[in-house]
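Everything on this sheet refers to the single structure shown next.
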Amino acid sequence: MTAKKPQTITTGADPRLAGGRLTVDLDVLAANWLFLAEKSKPAEASAVVKADAYGLGIVHVVPVLWQAGCRTFFVALAEEGLRVKAVAPDARVFVLNGFFAEAFGAYGQSDLIPVLGSVHELDLWKRLNARRKEKLPFALHVDTGMNRLGLTLEEALVFAADMRGQKPVLLMTHLATADDQAHGLNLKQIESFQKLRGAFAGIESSIANSPGIFHTRIGEYELSRPGVAMYGGEPFSATANPMRPVVTLEARIVQIRTGAKGETVGYGATTTLKRDTRIAVCSVGYADGYLRSASGSGVPLRGAVPNGGEGFVAGSKVPIIGRVTMDLTSFDVTDLPVDAVSPGDYIELFGRNIALDDAARAAGTIGYELLTSLGTRYHRRYLKSESN
Ligand SMILES: *Cc1c(COP(=O)(O)O)cnc(C)c1O
């Protein structure tokens with residue numbers, strides 16, 4: 001038996017001097033990845049760690065996933081790939097966002113694998129690679145309905161018919177609507193991909209992102225590519241989230257003031273108080289990635305999404321009042337007992353009590369954007385238990 005010793009790594013701002021606090025539970029992250037890896041079987045599960053691991057930090061996230069058994073990683077940029085390699089030198093790292101000739105040397109030196117997504121990129125790569133004795137590996141992205149990156153099916157079939165020694169190590173496509181299980185495009189993409197796999201016999205294949213892993217009709221593939229679900233985001237918008245929350249964001253209460261009935265709150269005077277109101281003014285704002293579109297009122301979006309964001313404090317949810325500003329956001333705490341909250345306390349903005357995706361919806365966006373917008377002013381805590 002190995003004893004588990006809880007460990008906290010702190011980075012970012014000094015908590016005594018910061019306005020907000022970000023807590024990342026790396027044990028839950030590992031458990032979420034293991035759950036997705038189990039779901040992916042018999043395929044191998046990779047991990048998508050682009051955008052600095054969805055804002056949480058490649059340097060913290062990748063070693064934990066490596067320890068959990070993850071051996072393959074996807075990033076958007078070669079520069080991110082270098083940062084994965086720095087903490088997991090033996091990882092297999094695919095770079096999604098295209099290929100430019102001037103990066104060829106770096107791919108070879110750093111053992112990164114480009115995902116080639118156009119005939120132009122493929123020709124460029126083949127030409128550069130032909131000059132080498134030891135050929136460098138590459139992956140091939142085929143577009144089956146996203147119209148973003150990838151060769152068309154026809155282009156992929158032409159290439160498959162004449163690969164002349166430069167075979168991809170991985171064939172992949174990306175689903176456009178996997179988060180909506182009922183969408184007809186899913187099956188169309190899955191069927192196109194299955195057909196394509198026939199033309200690339202013996203080559204590893206990858207199709208499923210987070211929601212794709214749960215898709216009952218997805219068929220066979222060898223490598224899944226979970227991202228958001230691993231970080232606790234919901235794979236589907238219409239059903240309960242099967243993942244555990246990884247990230248908690250909290251803001252510090254600066255002061256609690258009382259506004260009188262009839263007065264207004266904040267920029268634009270967009271909220272008129274309907275009662276005497278206790279207002280908790282908190283040290284977080286859109287400069288921290290807490291989006292202005294979560295404002296309680298006074299932004300155009302409020303027409304479409306009637307309510308703004310909420311906080312959670314002293315066992316209750318409390319609504320944002322007025323506009324989210326650059327550095328400050330206010331919450332209506334009138335319904336809490338008077339001594340329940342004090343300056344210096346923290347209000348949860350998302351985490352265990354307010355789902356990441358609910359916070360995102362209130363701002364007219366998705367959990368992905370909240371995570372990747374997380375600012376640099378927070379005190380950051382990374383929790384993990386370590387075997388010793
Ligand atoms: C971002 C991305 C993923 C991961 O998607 P999630 O929805 O976060 O699971 C997988 N594959 C590709 C090509 C991506 O760009």
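With H60 as reference, T11 is the one residue of T11, L29, V87 to meet the side chain to side chain contact (heavy atoms under 4.5 Å, CB included) rule. Of the residues S210, S46, S40, S206, the one that meets the side-chain hydrogen bond (donor to acceptor under 3.5 Å, both in side chains) test with R225 is S206. When the options R278, K317, R275 are evaluated for a salt bridge (charged side-chain N to carboxylate O under 4.0 Å, His left out) with D335, the one that passes is R275. Of the candidates E222, E220, Q194, S205 forms a side-chain hydrogen bond (donor to acceptor under 3.5 Å, both in side chains) with just one, namely E222.
What you find for Y290 and T329 is that their closest heavy atoms are CD2-OG1, 3.9 Å. F159 and P168 get closest at one heavy-atom pair: CE2-CD, 3.9 Å. Scanning both residues, W125 and P137, for their nearest heavy atoms gives CZ2-O, 3.6 Å. Minimum heavy-atom separation, D288 to Y378: O-OH, 2.9 Å. Of all the heavy atoms in I279 and S330, the pair that sits closest is CG2-CB, 3.6 Å. Nearest heavy atoms, I320 versus A294: CD1-O, 3.5 Å.
Using a 4.5 Å heavy-atom threshold, the side chains of V95 and Y107 count as touching. Annotation: side chain of P211 is not in contact with side chain of Q181 (no heavy-atom distance under 4.5 Å). Proximity of F350 to D358: side-chain heavy atoms (C-beta onward) are nowhere separated by under 4.5 Å. Side-chain contact between F73 and W66 is present, with heavy atoms from C-beta onward closer than 4.5 Å. M230 is not listed as a side-chain neighbour of L56, based on a closest heavy-atom distance of 4.5 Å or more. In this structure, L349 and F331 have side chains that are in contact, with non-hydrogen atoms separated by less than 4.5 Å. Residues L128 and L136 are not in side-chain contact: their nearest non-hydrogen atoms beyond the backbone lie 4.5 Å or more apart.
Under a 4.0 Å N-O distance rule, the pair D327/R377 qualifies as a salt bridge. Taking 4.0 Å as the cut-off between side-chain N and carboxylate O, R83 and E79 count as a salt-bridged pair.
Atom CZ of R217 sits in a sparse spot, with 12 or fewer heavy atoms from other residues, nucleotides or ligands closer than 6.0 Å.
L328 and L374 fall into different hydrophobic clusters, where Ile, Leu, Val, Met, Phe, Trp and Tyr are joined by side-chain heavy atoms under 4.5 Å apart, directly or via other members. I203 and V169 fall within the same hydrophobic cluster, defined by Ile, Leu, Val, Met, Phe, Trp and Tyr side-chain heavy atoms under 4.5 Å apart, directly or through other members. Cluster membership for V59 and L371, using ILVMFWY side-chain heavy atoms within less than 4.5 angstrom, is shared. Residues L153 and L151 share a hydrophobic cluster, clusters being chains of Ile/Leu/Val/Met/Phe/Trp/Tyr side chains in contact below 4.5 Å. Under the 4.5 Å side-chain contact rule for hydrophobic residues, L22 and V254 do not share a cluster.
The distance from the CD atom of Q166 to the NZ atom of K126 is 7.0 Å, given to the nearest 0.5 Å. The line from SG of C282 to CD of Q255 is 10.5 Å long, rounded to the nearest 0.5 Å.
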(message) With side chain to side chain donor-acceptor pair (under 3.5 Å) as the criterion, how do T277 and D332 come out once you've worked through the C-alpha distance, each side chain's angles and the decisive distance to 0.1 Å?
(response) CA-CA 7 Å; T277 302; D332 182 345; 4.7 Å; no
(message) Set out, in order, the CA-CA distance, both residues' side-chain angles and the distance that settles side chain to side chain contact (heavy atoms under 4.5 Å, CB included) for I207 and I190, then state yes or no.
(response) CA-CA 8 Å; I207 179 168; I190 290 165; 4.1 Å; yes
(message) Test side chain to side chain donor-acceptor pair (under 3.5 Å) on R92 and T72; report intermediate values, then the result.
(response) CA-CA 5 Å; R92 185 167 69 141; T72 303; 3.2 Å; yes
(message) Run the side chain to side chain contact (heavy atoms under 4.5 Å, CB included) test on E154 and L157 for me, step by step, so that the C-alpha distance in whole Å, both residues' side-chain angles and the decisive distance to 0.1 Å come before the verdict.
(response) CA-CA 5 Å; E154 294 71 28; L157 291 172; 5.9 Å; no
(message) For R131 and F104: C-alpha separation, side-chain torsions, deciding distance, then whether side chain to side chain contact (heavy atoms under 4.5 Å, CB included) applies.
(response) CA-CA 12 Å; R131 297 189 198 142; F104 187 73; over 6 Å; no
(message) Assess the residue pair R252 and S283 against the criterion (side chain to side chain donor-acceptor pair (under 3.5 Å)); give the C-alpha distance rounded to whole Å, side-chain angles, the decisive distance to 0.1 Å, and a yes or no.
(response) CA-CA 5 Å; R252 217 155 184 207; S283 207; over 6 Å; no
(request) Check step by step if side chain to side chain contact (heavy atoms under 4.5 Å, CB included) holds for V49 and E80. (result) CA-CA 9 Å; V49 294; E80 296 173 325; over 6 Å; no
Indicate every side-chain donor-acceptor pair of residues 111-124 with a distance under 3.5 Å to a residue at least two apart or in another chain.
{"residue": "D111", "atom": "OD2", "partner": "K85", "partner atom": "NZ", "Å": "2.9"}
{"residue": "S118", "atom": "OG", "partner": "E121", "partner atom": "N", "Å": "3.1"}
{"residue": "E121", "atom": "OE1", "partner": "G117", "partner atom": "N", "Å": "2.7"}
{"residue": "E121", "atom": "OE2", "partner": "F99", "partner atom": "N", "Å": "3.4"}

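Side-chain atoms of T144 and S192 form no donor-acceptor pair, as typed in the model, at a separation below 3.5 Å. Between the side chains of D27 and S385, at least one donor N or O lies within less than 3.5 Å of an accepting N or O.
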